[in-house]
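Along the sequence shown, the residues carry numbers beginning at 1. Below, each value reflects all heavy atoms present in this structure, side chains not excepted, and no hydrogens, waters or symmetry copies. Order of listing sets the numbers, starting from 1, for every ligand and every atom in it.
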Amino acid sequence: MAKQAIFDKKNILVIGGAGFLGSHLCDELVKHNKVICVDNFVSGRVENIEHLLGNPNFIFIKHDCSQPFELIQFPELEKFQVQFQGVQEVYNLASPTNKNNFEQNVYNTLLANSLCVRNTLEIARQFQAKYLFASTSAVYGDPLEGQELLSEEYWGFVDPNGPRSCYNEGKRFAESFVFSFGRQFNLDVKVARIFNTYGPRMALNSGRMIPDFVIAAADGRDLIIFGDGSEADTYCYVKDVIDGFLKAMNYDLKGPVNLGSPEQFKIIDVANKIIEYTESTSKIKFEKELPFLIKPGVADIRKAKQRLGWFPVVALDEGLKKTTADMLGSRVLTYASVSSNANNLSSNR
Ligand code: NAD
């Protein structure tokens, strides 16, 4: 049983808090809590949390969580009286996610799904805090023939040795770590299996479809679709997923829970919407399907509905309009920071 906070605000740790989802989670949590955000910037960006740095209820720590750490080693946390007040909740969202440099981050991905999970669970154990791990629909692998929905009871069909196994199988191992650790040390642990999510602050250079489409449309280049465009996928808006995280953390939940949109859209329709919202003259070009990608599955969200009262509420049109506006606005800044990060990295080698 997690300790109750006897203070006016909880101390909450967000690992991977400078990332796309993590920064939105920090935005929500900081309204009523004290937030300790930890990130090593492997795929996150300071721009995502810049607006929070002056907030007295927010502290950022740059640390690679695959290295062991003690919160009391950071003097800046004295302000939150961590030694006396402890930490009540830990959200672990840390994982490299940039598809453009996936190969360079294989080792980091393995560490994120093993040592980082261990180190952050140890912090939860130290403070008897509740713990939530951000898993992925990739743990299901390819849907079986004729399988329409992926439910939490489906054990999955994943290649444990393939080129993406550090992520897909890594997340499976991480889930096993979280649940086994929770049982062994009597901790309240949760696992949210996230399906394809989009929204403002998605990294423009992440190699993901929506930012790639927005940048191509903004530059007047062709939008490249791998396949014939009739393939469908689901798209959940970031605000909905964050709402799911908060509910999963605060409700009684056994086993993993899917967080995703059950509504499918054809890729070509998404591409056309982005061309429209960016007022672009770009065309759509079709190329051969990529062989190693998992066929997207659709989330069965009955458990989230029943146990958490959760379901996505933001319509694709509304979410895409907000996302394209944000991406167009941040494009110049992001390109500048990407190239300066790249310079920093190369000078560190
Ligand atoms: P993101 O890359 O923007 O965020 C992940 C953050 O973790 C980054 O800021 C990164 O720098 C940080 N990080 C990675 N390794 C770290 C380490 N060792 N120590 C400290 N920080 C570290 O990605 P996101 O889209 O916000 O995803 C968040 C989590 O949700 C990830 O675990 C991802 O696997 C999972 N997920 C996301 C989606 C999605 O559609 N966005 C779908 C499924 C699962």
**Q** Taking the six-membered ring for Trp, are Tyr140 and Phe157 ring centroids under 6.0 Å apart?
**A**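 For Tyr140 and Phe157, the ring centres are not under 6.0 Å apart.
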**Q** Looking only at distances, can you tell me whether any N or O atom of Ala94, backbone or side chain, sits closer than 3.5 Å to an N or O atom of ligand 1?
**A**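 No.
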**Q** Near Gly44, which atoms of ligand 1 are under 4.0 Å from a heavy atom of that residue?
**A**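 Those of ligand 1 that fall under 4.0 Å from Gly44 are 8 (C), 9 (O), 10 (C), 11 (O).
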**Q** Tell me whether the count of non-hydrogen atoms from other residues, nucleotides or ligands lying under 6.0 Å of CD in Glu153 goes above 12.
**A**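 Count not over threshold, so no.
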**Q** Looking at atom 37 (C) of ligand 1, what's its closest protein heavy atom, distance included?
**A**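 Nearest protein contact, heavy atoms only, for atom 37 (C) of ligand 1 is Leu21 CD1, 3.9 Å.
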**Q** Measure the distance from atom 5 (C) of ligand 1 to every protein heavy atom, then report the residue, atom name and distance (to 0.1 Å) of the closest one.
**A**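 In this structure, atom 5 (C) of ligand 1 has Ser95 O, 3.4 Å as its nearest protein heavy atom.
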**Q** Is it the case that atom NE2 in His51 sees more than 12 heavy atoms from other parts of the structure closer than 6.0 Å?
**A**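 Result for NE2/His51: enclosed.
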**Q** Taking the six-membered ring for Trp, are Phe41 and Phe60 closer than 6.0 Å centroid to centroid?
**A**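 Centroid distance Phe41-Phe60: below 6.0 Å, so yes.
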**Q** Are Leu308 and Leu149 connected, step by step, through hydrophobic side chains (Ile, Leu, Val, Met, Phe, Trp, Tyr) whose heavy atoms are closer than 4.5 Å?
**A**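 Shared cluster, no.
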**Q** Salt bridge between Glu169 and Arg172, side-chain N to carboxylate O under 4.0 Å?
**A**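 Looking at Glu169 and Arg172, the cut-off is met.
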**Q** Would you name the heavy atoms of Cys37 and Ala18 that are closest together and state the gap between them?
**A**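 Closest pair (atom of Cys37, atom of Ala18, distance): SG-N, 3.9 Å.
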**Q** Which atoms of ligand 1 are found less than 4.0 Å from any heavy atom of Asp64?
**A**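 The list of qualifying atoms is 17 (C), 18 (N), 19 (N).
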**Q** Tell me the contacting part of Arg208 for ligand 1: side chain, backbone, both, or neither, using a 4.0 Å heavy-atom threshold, strictly below.
**A**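 Side chain only.
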**Q** So which of Ser135, Ala134, Cys116 gets nearest to atom 44 (C) of ligand 1, if we judge by its closest heavy atom?
**A**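 Of the listed residues, Ser135 has the closest heavy atom.
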**Q** Would you call the rings of Tyr91 and Phe245 parallel, tilted or perpendicular if under 30° counts as parallel and over 60° as perpendicular?
**A**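 Correct class here is tilted.
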**Q** Cut-off 3.5 Å, side chains only: do Ser23 and Arg201 have a donor facing an acceptor?
**A**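 Per modelled atom types, Ser23 and Arg201 side chains form a pair under 3.5 Å.
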**Q** Ring of Phe102, cation from Arg164 - is the NZ or CZ under 6.0 Å from the centre and inside 45° of the axis?
**A**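 Yes; both conditions hold, so Arg164 lies above the ring face of Phe102.
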**Q** Please write down residue, atom name and distance for the protein heavy atom closest to atom 22 (C) of ligand 1.
**A**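 Looking only at protein heavy atoms, the one closest to atom 22 (C) of ligand 1 is Asn40 OD1, 3.0 Å.
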**Q** Heavy-atom pairs closer than 4.0 Å: do any link ligand 1 to the side chain of His63, the backbone, both, or neither?
**A**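 The backbone, only.
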**Q** Applying a 4.0 Å heavy-atom criterion (strictly less than), which segment of Tyr198 is in contact with ligand 1: side chain, backbone, both, or neither?
**A**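 Contact part for Tyr198 vs ligand 1: neither.
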**Q** Looking only at protein heavy atoms, which one is nearest to atom 25 (O) of ligand 1, and how far off is it?
**A**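 That would be Phe20 CD2, 3.5 Å.
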**Q** To the nearest 0.1 Å, how far is atom 4 (O) of ligand 1 from its closest protein heavy atom, and which atom is that?
**A**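 So the nearest neighbour among protein heavy atoms is Gly19 CA, 3.5 Å.
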**Q** Walk me through whether Asp243 and Lys239 qualify under salt bridge (Lys or Arg N to Asp or Glu O under 4.0 Å).
**A** CA-CA 6 Å; Asp243 181 43; Lys239 194 170 180 301; over 6 Å; no
**Q** Note the single closest protein heavy atom to atom 9 (O) of ligand 1, along with its residue, its atom name and the distance in Å.
**A**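 Answer for atom 9 (O) of ligand 1: Asp39 OD2, 2.6 Å.
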**Q** Tell me which protein heavy atom sits closest to atom 23 (O) of ligand 1, plus the residue, atom name and distance to 0.1 Å.
**A**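 Here the closest protein heavy atom is Thr97 OG1, 3.2 Å.
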**Q** Taking 4.0 angstrom as the limit and counting only heavy atoms of Cys65, give me the atoms of ligand 1 inside it, by number and element.
**A**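 With Cys65 as reference, the close atoms of ligand 1 come out as 17 (C), 18 (N), 19 (N), 20 (C).
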**Q** What residue and atom, counting heavy atoms only, is the protein's closest point to atom 38 (C) of ligand 1, and at what distance?
**A**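 Of the protein heavy atoms, Ile194 CG2, 4.0 Å lies nearest.
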**Q** Are any of the side-chain nitrogens in Glu28 or Lys31 under 4.0 Å away from the carboxylate oxygens of its partner?
**A**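 So Glu28 pairs with Lys31 through a salt bridge.
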**Q** Run the numbers for me: atoms of ligand 1, each under 4.0 Å from some heavy atom of Pro96, listed by number.
**A**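 Listed by number with element, the hits are 14 (C).
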**Q** With a 6.0 Å cut-off (strictly less than), is the heavy-atom count around CZ of Phe265, excluding the residue itself, greater than 12?
**A**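 It does: Phe265 CZ has more than 12 such atoms within range.
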**Q** When only distance counts, is Tyr167 in polar contact with ligand 1, meaning an N/O pair under 3.5 Å?
**A**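 Yes, Tyr167 has an N/O under 3.5 Å of an N/O on ligand 1.
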**Q** What atoms of ligand 1 come closer than 4.0 angstrom to any heavy atom of Phe41?
**A**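 Going through ligand 1 atom by atom, the ones under 4.0 Å from Phe41 are 11 (O).
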**Q** Any atoms of ligand 1 less than 4.0 Å from a non-hydrogen atom of Lys171? List them with their elements.
**A**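 Within the 4.0 Å cut-off of Lys171, ligand 1 contributes 31 (C), 32 (O), 33 (C), 34 (O).
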**Q** Do other residues, nucleotides or ligands put more than 12 heavy atoms under 6.0 Å from the OH atom of Tyr107?
**A**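 At most 12 heavy atoms, drawn from other residues, nucleotides or ligands, come within 6.0 Å of this atom.
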**Q** Within ligand 1, which atoms have a heavy atom of Leu93 less than 4.0 Å away?
**A**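 Near Leu93, the atoms of ligand 1 are 5 (C), 7 (O), 28 (C), 29 (C), 31 (C), 32 (O).
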**Q** Just distances here: any N/O of Thr136 and N/O of ligand 1 closer than 3.5 Å?
**A**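 It does not: no N or O of Thr136 is found under 3.5 Å from an N or O of ligand 1.
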**Q** Quick one: does ligand 1 sit under 4.0 Å from the side chain of Ala203, the backbone, both or neither, non-hydrogen atoms only?
**A**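 Ala203 to ligand 1: no contact under 4.0 Å from either part.
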**Q** If the cut-off is 4.0 Å to any non-hydrogen atom of Val42, which atoms of ligand 1 fall inside it?
**A**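 Under 4.0 Å from Val42, ligand 1 has these atoms: 10 (C), 11 (O), 13 (N), 14 (C), 15 (N).
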**Q** Look only at interatomic distance and state if Val38 has a nitrogen or oxygen under 3.5 Å from any nitrogen or oxygen of ligand 1.
**A**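 No, no N or O pair falls under 3.5 Å.
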**Q** Ignoring angles and geometry beyond distance, decide whether Ser137 reaches within less than 3.5 Å of ligand 1 through its nitrogen or oxygen atoms.
**A**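 It does not: no N or O of Ser137 is found under 3.5 Å from an N or O of ligand 1.
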